[in-house]
Amino acid sequence: MDSRTRPQIEAWLRYFDDLGLGPFYLDRTAVELSAVGAADREGGHLGPPLRGRVDQSGPPPPVTTQPAARAVRAQDVVLPVLPSLFNAAPRVEGDTLPRIREDIGDCKRCRLCEARNKIVFGDGNAKAELVFIGEGPGHDEDVQGLPFVGRAGKLLTQMIEAMGLRRDEVYICNIVKCRPPGNRQPERDEVATCSPFLDRQLAAIRPKVVVCLGSVAAQTLLGTNKSISQFRGQWFDFRGSKLLATYHPAFLLRTPSAKSEVWKDLKKVMAELGLKPPKPRPRSG
Ligand code: SF4
């Protein structure tokens, strides 16, 4: 697959995943898994795809001419459950955000360093009760070195203000700190390399509530490959904080009808933090 087509297909798969239509393409994966099993039996060496997506690190799966009836149905396929990358991360006693930033330095620990402009460490209140975690920096974030400053970031700011908070009262960061080329999803090894820094940030901030924005953040922290639509809006215990996942603001830009669902989720967060929505301003004139 050429380098222009792959990011487009990835973006579409992510879009369908955000819509909760994972089985739409998992059905196709099931066919491929069936083919993988056949390849194994015939001496092939293909590994299972990560999170139901095509494994990008290995050779492409063979084109099968077997009829669909022979394929394993999606619900019969046991998808790999990702171990939470945070469970194994050692926490440093008395850690601070400046010390973590210093430890990151001019990081070259994973391949995302190659095309990045700036490391996007995170931004906001070091003692915030509420932390938002997205997937990774985009173009605007990479240029400015700040999280959520593009169109999706403006929407996130509006969401925060609708909760009765200022943006500088919360903390905002991402799963990976460098922009994946072409805004592709970060690969699992990149997440594994970068996520200990995020875990240290959360340990230093000690928020009451963590809100995961989108499936990548939620799946990474919770160690699941379930579609976000299956657990969005539910509370989880996460290393001393309460965690809730909701849709990413970029998804809301594409699908404004989902805003009401996200607002329901944010109201749960407000209730947890004892926040009341701001009173509407009186109309002038
Ligand atoms: S994504 Fe994280 S681990 Fe990778 S180079 Fe950037 S800061 Fe380092």
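In this text, all values refer to a predicted model and were calculated from it rather than measured experimentally. Counting begins at 1 with the first residue of the sequence. Start at 1 and go down the list; that is how both ligands and their atoms are numbered.
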Is the shortest distance from a Lys or Arg side-chain nitrogen in Glu261 or Lys264 to a carboxylate oxygen in the other one below 4.0 Å?
yes

So if I count the atoms of ligand 1 from 1 in the order they appear, which ones are less than 4.0 Å from some heavy atom of Cys113?
5 (S)

Atom 2 (Fe) of ligand 1 sits nearest the protein heavy atom Cys194 SG, 2.4 Å

Flag the pair Leu97 / Arg101 as yes when at least one side-chain heavy-atom distance between them is below 4.5 Å, and no otherwise.
no

Tell me whether ligand 1 is touched by Arg116 - counting only heavy atoms on the residue side and a distance under 4.0 Å.
yes

Please confirm if an N, O or S atom belonging to Cys110, backbone or side chain, lies less than 2.8 Å from atom 4 (Fe) of ligand 1.
yes

Are the side chains of Ser229 and Tyr247 in contact, using a 4.5 Å heavy-atom criterion?
yes

I need the minimum non-hydrogen distance between Pro249 and Leu155, along with the two atoms involved.
O-CD2, 3.6 Å

Only heavy atoms count here, so choose which of Cys178, Pro137, Cys107, Gly136 is nearest to atom 6 (Fe) of ligand 1.
Cys178

Could you please spell out the steps behind the side-chain contact (heavy atoms from CB on, under 4.5 Å) verdict for Gln201 and Lys177?
CA-CA 12 Å; Gln201 285 170 285; Lys177 304 196 183 312; 2.6 Å; yes

